[in-house]
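Input: a single structure, listed below in structure tokens.
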Amino acid sequence: MIWKITSLIFHRPKQVLSSISNPFSRQRILLSTFPANSPDLKTLCSNGQLKEALLEMGIQGLEVEFQGYDSVLTECISQTAIREGQRVHAHIIKTCYEPPVYLRTRLIVLYNKCRCLGDARRVLDEMPERNVVSWTAMISGYSQRGYASEALHLFVEMLMSGTAPNEFTLATVLTSCTSSSGFQLGRQIHSLVIKTNFESHIFVGSSLLDMYAKAGKICEARGVFDGLPERDVVSCTAIISGYAQLGLDEEALDLFRRLQREGMRSNYVTYASVLTALSGLAALDHGRQVHSHVLRAKLPFYVVLQNSLIDMYSKCGSLTHSRRIFDSMPERTVISWNAMLVGYSKHGLGREAVELFKLMKEENKVKPDSVTFLAVLSGCSHGGMEDRGLEIFYEMVNQKDGFEPEIEHYGGVVDLFGRAGRVEEAFEFIKKMPFEPTAAIWGSLLGACRVHQNVHIGEFVAHRLLEIEPENAGNYVILSNLYASAGRWDDVRMVRELMKEKAVIKEPGRSWIELDQTLHTFHASDRSHPRKEEVFAKVRELSIKIKEAGYVPELSCVLYDVDDEQKEKILQGHSEKLALAFGLICTPGGTPVRIIKNLRICVDCHNFAKFLSRVYGREVSLRDKNRFHHIVGGTCSCGDYW
DNA sequence: ATTTGAATAC
């Protein structure tokens with residue numbers, strides 16, 4: 001009997017199949033009698049001929065078996081071909097009585113890759129039964145697109161359904177545990193990892209240590225790393241980038257060097273992470289070394305790596321190199337543009353930032369995002385182009401397919417007004433904006449009040465600011481500067497008292513300078529440097545010399561209750577002056593000096609550097625926490641506003 | 001099916 005049917009189908013397939021009404025029997029017969037037609041589809045797909053495969057499928061009507069669908073879907077996934085995928089999906093619904101779990105899972109993967117998470121989720125929800133792979137595929141879809149809470153919810157749902165996670169599930173779900181709310185679950189998953197003996201699995205371990213690093217728990221991350229029975233590039237890169245992202249740049253570099261000695265084979269992600277650490281240190285010589293190493297290694301083109309090179313050169317003070325890399329790129333992402341724009345902005349080059357932004361829109365390949373606007377706004381602010389900045393802000397607000405401005409953008413506008421001396425307008429703008437002002441926004445306005453000597457608004461702002469972040473020493477210093485500039489010495493004293501009362505913890509100031517590939521670091525009143533006597537003597541010498549040109553120490557920068565002579569001594573011990581003096585000692589006259597400081601530079605050190613640049617004919621490039629100061633012939637590129 | 005990476009106002 002079966003043989004007869006088979007023979008009939010073989011000669012008149014369409015008629016026979018359509019005469020069988022039960023879809024289940026139909027499919028059974030189809031599958032048991034037809035020689036697999038998947039090899040043809042498989043061949044076409046492995047040649048990347050998706051269109052031809054679809055055509056074939058259409059001609060053959062019902063006669064595609066599961067293996068064939070599998071080949072076609074796999075190719076759709078690799079080509080991110082959503083339209084073809086949708087047609088295959090429709091075909092499957094039409095012809096398959098009960099698509100097996102693995103076919104449905106392929107559909108989930110396809111929709112996830114094509115950013116159609118809703119469609120993927122629908123496939124999952126319609127599955128009569130799910131296995132660990134289908135759960136994991138959907139969790140991964142959510143994780144990769146940043147839907148952390150959806151990923152975590154689904155993971156919990158999976159556990160409740162009684163499906164046990166495997167190493168793939170754990171590695172995936174841990175990437176969604178980096179938020180503060182997710183971190184609690186992350187710890188619980190860690191115990192699950194231990195219980196199920198996946199602790200030494202390399203992917204699970206990498207993911208776990210990355211989670212700890214991103215949560216700022218670097219010691220725990222290191223613990224996981226050290227406990228791994230074997231290491232690969234990914235786990236090594238994860239721990240290096242963990243240090244770098246927390247600003248522990250030296251540690252990141254030390255570890256990188258050690259792992260390299262121990263045989264780690266770096267890839268482009270490793271180099272990108274190392275460049276992040278070097279950007280933090282502004283270690284230009286080392287950055288150049290990594291760059292030439294990367295060139296010698298003849299790696300294929302990686303946008304990510306180029307982006308981090310742009311950022312490294314700009315943070316090391318060499319914008320020309322950044323732009324050279326930017327211009328040479330065959331392809332750019334929004335991050336490439338943002339990195340370049342942030343570079344111009346940090347160097348105070350508003351005009352260049354606006355020009356580049358214009359170019360970006362003209363090219364119309366990459367859509368500006370929220371960071372792009374932030375960078376351009378800040379560029380306008382630092383470049384003294386407040387009207388252009390306001391225009392761009394309103395352009396952003398009125399964009400049709402754009403996004404709502406975030407609080408940071410409002411902060412940018414406050415900064416624009418403040419910098420331009422329009423302190424009242426800045427204040428009114430804050431009152432009207434749809435957000436509760438943050439410390440950053442008040443801080444920006446307080447800075448404006450200091451520069452433009454608006455004691456009235458300044459006092460109000462300072463009051464707010466000291467409520468929100470009483471522990472930030474910088475705020476007290478600016479308020480003290482403000483009172484001093486108005487000659488209100490009683491209030492200067494009051495600020496000092498207030499600061500003592502609140503037990504402010506000051507992040508220790510630290511400056512450094514790179515000479516012959518070595519970083520020389522100085523702390524405030526540093527007595528540890530081997531050439532300290534020479535350095536202190538040099539600061540005193542410089543001080544005396546520039547006083548003749550009109551330099552007056554800004555004593556209101558010192559918030560200790562000591563006499564003026566003592567205050568001047570404290571000022572002379574500021575780390576940036578030590579680094580500057582050391583630079584003058586160690587380099588021939590006329591060469592530029594490049595200094596980096598971890599905090600915002602104080603008014604007195606800024607004055608000091610300006611006078612020095614004029615009297616000694618030295619160009620000073622100083623990078624502080626916020627921006628670059630290019631000081632030439634007595635004037636600074638920041639226009640005395642920072 | 002899974003892990004690492006680049007930019008963010010003051």
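In what follows, chains carry the letters A, B, and so on, assigned in the order in which the sequence lines appear, proteins first and then strands, with residues in each chain numbered from 1. These figures come from a predicted structure and were not determined experimentally.
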Looking across every strand, which nucleic acid part, if any, lies under 4.0 Å from [X] by heavy atom: base, sugar-phosphate, or nothing?
{"X": "A/A440", "result": "base"}
{"X": "A/S235", "result": "nothing"}
{"X": "A/S134", "result": "nothing"}
{"X": "A/V342", "result": "sugar-phosphate"}
{"X": "A/K315", "result": "sugar-phosphate"}
{"X": "A/Y268", "result": "base"}

Considering only [options], which nucleotide approaches the side chain of [X] most closely?
{"X": "A/T175", "options": "B/dA7, B/dT3, B/dC10", "value": "B/dT3"}
{"X": "A/L374", "options": "B/dA7, B/dT4, B/dA9", "value": "B/dA9"}
{"X": "A/F168", "options": "B/dC10, B/dT4, B/dT2", "value": "B/dT2"}
{"X": "A/D210", "options": "B/dT4, B/dA1, B/dA9", "value": "B/dT4"}
{"X": "A/N626", "options": "B/dA7, B/dT3, B/dC10", "value": "B/dC10"}

Would a distance-only check, ignoring hydrogens and angles, find a side-chain to backbone donor-acceptor pair under 3.5 Å from [X] to [Y]?
{"X": "A/R419", "Y": "A/A448", "answer": "no"}
{"X": "A/S381", "Y": "A/L377", "answer": "no"}
{"X": "A/S345", "Y": "A/L341", "answer": "no"}
{"X": "A/W642", "Y": "A/I601", "answer": "yes"}

Any [X] side-chain N or O less than 4.0 Å from OP1/OP2 of [N]:
{"X": "A/K346", "N": "B/dA7", "result": "no"}
{"X": "A/H382", "N": "B/dA9", "result": "no"}
{"X": "A/S206", "N": "B/dT4", "result": "no"}
{"X": "A/Q144", "N": "B/dA1", "result": "no"}

In whole Å, what is the span from the [atom1] atom of [X] to the [atom2] atom of [N]?
{"X": "A/H409", "N": "B/dC10", "atom1": "NE2", "atom2": "P", "value": "13 Å"}
{"X": "A/Q245", "N": "B/dT4", "atom1": "CD", "atom2": "P", "value": "11 Å"}
{"X": "A/R106", "N": "B/dA1", "atom1": "CZ", "atom2": "P", "value": "5 Å"}
{"X": "A/I218", "N": "B/dT4", "atom1": "CD1", "atom2": "C1'", "value": "13 Å"}

Problem set entry | Residue pairs involving residues 166-175 of chain A (criterion side chain to side chain donor-acceptor pair (under 3.5 Å); sequence neighbours excluded) |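 Of all non-adjacent pairs touching residues 166-175 of chain A, those that pass side chain to side chain donor-acceptor pair (under 3.5 Å) are A/T136-A/T169, A/N166-A/T169.
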Exercise. Is there a donor in the side chain of A/Y641 and an acceptor in the side chain of A/R450, or the other way round, less than 3.5 Å apart?
Worked result: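 Side-chain D/A pair, A/Y641 to A/R450: absent.
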For this session: Would you tell me whether A/H153 and A/Y142 have side-chain atoms, one donor and one acceptor, within less than 3.5 Å of each other?
Result: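 The answer is no; no qualifying pair exists.
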Exercise. Near DNA chain B, which residues from residues 322-334 of chain A have a heavy atom under 4.0 Å away?
Worked result: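 Those residues: none at all.
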For this session: Return yes if the base of B/dA6 and the side-chain atoms of A/N338 contain a donor-acceptor N/O pair under 3.5 Å, otherwise no.
Result: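 For A/N338, whose side chain was compared with the base of B/dA6, there is no donor-acceptor pair (under 3.5 Å).
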Exercise. Do A/E220 and A/R187 meet the salt-bridge criterion of a basic N to acidic O distance under 4.0 Å?
Worked result: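 Result for this pair is yes, salt bridge flagged.
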